[in-house]
Amino acid sequence: MKLKSLFISIMILILMLTFVGCSSDNESVGEDAYQNSNQIVKETEEEPVIEEVTEESSENTSITYPLTVETMGGQFTIEKEPMSIVSVAPNITEALYAIGAADKVIGRTSFCNYPAEVMGVPEIGSLMEPNIELIIELDPDIVIVSTHFSEEAANQLNNAGVQTIALYEPESFEGVYSIIEKLGLVTNRKIEAEAVVKGMQDSVEDTTSALANIEEKPSVYYVVSYGDMGDYTATGETFVSQMIELAGGNNVAKDATGWAYSAEKLVEDDPEIILIGEWMYEGFIATEPYTNLTAVKEGKVHIVNEDIINRQGPRLPEGLYEFAQFIYEDMIQK
């Protein structure tokens, strides 16, 4: 039982760190990683080229290096096209494969499980505890991390002279497009990245157009954790909350912040629809006070694929579509 509780606690932490929004008055390990990786960038006498994704520049077939990429932590200069990459985030790994940069990926975390062919890439540890020594041993041209990357790990790579860039934009659904476009710049896959983004935007448009005439939105609650683990959900400042709204739902937690909620408030809200990960489903519907919720009694607690929702990557439109399917079962085809 202790091992099970420990596993559950770790999963909650990973979920929250995977898509938690960073406020200006709160320091995060992700921001520390940005700042520390900034020290890794090598000086160059040449003037860096800041590439912008525009209609005109998209006609080019290659990127000019060095180039500077804007991230949440500042500007980062890439000296030359990286030919070997270690990805320390599942969403980054998925995006690299989607834009045709799979041949560059030489290391990934144990949580990077999509697409299937990535399972043949050497693991460099878990999402929360990457093996820094192994990363250094692989000698990648660049390491790409996300918000969960620790200051200590960033310092170790910094001291080893390994160039690191952190990409994460947690506060908006559209941030995923920016992440993929920046990866296209970094990896010299700009055209491919633009095509992926265009496909994602078209998919989102298809879903939202089907719901254009909705007048009354049903109330929705997304379970991140519950009970003894604490009641956490996608509050208003998160891209998951935006997904609920885009899918035609009314997020009951949209006025809350910091992912925190309460069972008492949830019972008071009594949402019409509840969305939850499979690993929590059985326990949630059998635990008080959640058993008193109308959605539980009426069978409106739906199991969602957390990988396509929590990961800010190219499958996010699939997560949006899945939300819409459960919110409007009679309108959205499964």
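Side-chain atoms of Thr287 come within 3.5 Å of backbone N or O of Gly283 as a donor-acceptor pair. A donor-acceptor pair under 3.5 Å is formed between the side chain of Ser84 and the backbone N or O of Asp141. Listed for the Asn159 side chain is a donor-acceptor partner under 3.5 Å among the backbone atoms of Asn155. Tyr222 places no side-chain N or O within 3.5 Å of a backbone atom of Ile244 that could act as its donor or acceptor partner. In terms of modelled atom types and a separation under 3.5 Å, the side chain of Tyr328 and the main chain of Gly248 share a donor-acceptor contact. Judged purely by atom type and a 3.5 angstrom limit, Thr93 has no side-chain atom pairing as donor or acceptor with the backbone of Cys112.
Minimum heavy-atom separation, Ala89 to Ser146: CB-CB, 3.6 Å. Between Thr187 and Tyr65, the shortest heavy-atom distance links the atoms C-OH, 3.8 Å. In this structure, Gly100 and Asp103 approach most closely via the heavy-atom pair O-OD1, 3.7 Å. Across all their heavy atoms, Leu293 and Leu266 have their closest contact at CD2-O, 3.7 Å. A pairwise comparison of heavy atoms in Ile180 and Ala95 identifies CG1-CB, 4.1 Å as the closest pair. Across all non-hydrogen atoms, the minimal contact from Val224 to Trp279 is O-CZ2, 4.4 Å.
Residues Val118 and Asn113 fail the side-chain proximity criterion, which asks for heavy atoms closer than 4.5 Å. With a 4.5 Å cut-off on side-chain heavy atoms, Trp259 and Thr238 count as touching. For the pair Ile106/Val121, no side-chain contact is recorded, criterion being any heavy-atom separation below 4.5 Å from C-beta on. The closest side-chain heavy-atom distance from Tyr221 to Val301 is not below 4.5 Å. Within the 4.5 Å cutoff, side-chain heavy atoms of Gln201 are placed close to those of Val197. Tyr114 places none of its side-chain heavy atoms less than 4.5 Å from the side chain of Asp307. You'll find the side chain of Leu316 stays beyond 4.5 Å of the side chain of Arg311, heavy atoms only. Counting only heavy atoms from C-beta outward, the side chains of Glu174 and Gln242 approach each other to under 4.5 Å.
In this structure, the separation between CG on Leu183 and NZ on Lys190 is 14.5 Å, given to the nearest 0.5 Å. Atom-to-atom distance recorded for Thr109:OG1 and Ile92:CD1 is 11.0 Å, nearest 0.5 angstrom. Expressed to the nearest 0.5 Å, how far CG of Leu185 lies from CD of Glu194 amounts to 8.5 Å. Annotation: the span from Glu318 atom CD to Asn305 atom CG amounts to 8.5 Å, rounded to 0.5 Å. One distance of note links CD of Gln163 with CG of Asn158; it measures 11.0 Å at 0.5 Å rounding.
Within 6.0 Å of CG in Asp202 there are more than 12 heavy atoms belonging to other residues, nucleotides or ligands. For Glu117, the CD atom counts as densely surrounded, since its 6.0 Å shell holds more than 12 non-hydrogen atoms of other residues, nucleotides or ligands. Atom NZ of Lys198 has 12 or fewer neighbouring heavy atoms from other residues, nucleotides or ligands inside a 6.0 Å radius.
Counted by atom type alone, Gln312 and Asn91 present zero donor-acceptor pairs between their side chains at under 3.5 Å. A donor-acceptor contact closer than 3.5 angstrom links the side chains of Asp269 and Tyr261. Glu205 and Ser209 share a side-chain donor-acceptor pair at under 3.5 Å. Side-chain atoms of Ser262 and Asp231 form no donor-acceptor pair, as typed in the model, at a separation below 3.5 Å. A side-chain N or O of Thr235 and one of Glu237 form a donor-acceptor pair less than 3.5 Å apart.
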Go through the steps for Val296 and Phe284 under the test side-chain contact (heavy atoms from CB on, under 4.5 Å), then give the verdict. CA-CA 9 Å; Val296 174; Phe284 182 85; 4.1 Å; yes
I would like to know whether Phe239 and Phe173 meet ring pair (Phe, Tyr, Trp, His ring centres under 6.0 Å); could you show each step before the answer? CA-CA 5 Å; Phe239 72 82; Phe173 181 88; 7.4 Å; no
Could you go step by step and tell me if Glu272 and Lys217 meet the salt bridge (Lys or Arg N to Asp or Glu O under 4.0 Å) rule? CA-CA 10 Å; Glu272 298 168 70; Lys217 296 182 176 182; over 6 Å; no
Under the criterion salt bridge (Lys or Arg N to Asp or Glu O under 4.0 Å), I'd like the reasoning laid out for Lys300 against Glu329: C-alpha separation, chi angles, the key distance, then a yes or no. CA-CA 11 Å; Lys300 297 293 186 180; Glu329 297 176 274; 3.2 Å; yes
Does the salt bridge (Lys or Arg N to Asp or Glu O under 4.0 Å) test come out yes or no for Glu322 and Arg315, once each step is laid out? CA-CA 11 Å; Glu322 184 169 271; Arg315 292 192 291 166; over 6 Å; no
When you look at Val223 and Leu275, which way does the side-chain contact (heavy atoms from CB on, under 4.5 Å) test go after all the steps? CA-CA 6 Å; Val223 181; Leu275 306 173; over 6 Å; no
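The side-chain hydrogen bond (donor to acceptor under 3.5 Å, both in side chains) test with Lys254 is passed by exactly one of Asn250, Thr257, Asn251: Asn250.
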Side-chain donor-acceptor pairs under 3.5 Å in residues 125-135, sequence neighbours left out?
from   : atom 1 : to     : atom 2 : distance (Å)
Ser126 : OG     : Glu129 : N      : 2.9
Asn131 : OD1    : Glu133 : N      : 3.2
Asn131 : OD1    : Leu134 : N      : 2.9

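Linking Ile, Leu, Val, Met, Phe, Trp and Tyr whenever their side-chain heavy atoms come within less than 4.5 Å leaves Met83 and Val86 in two separate clusters.
Ionic pairing of Glu81 and Arg189 is present here: one or more N-O contacts between side-chain nitrogen and carboxylate oxygen are shorter than 4.0 angstrom. Note on Glu169 versus Lys182: salt bridge recorded, some NZ/NE/NH1/NH2 to OD/OE distance being below 4.0 Å.
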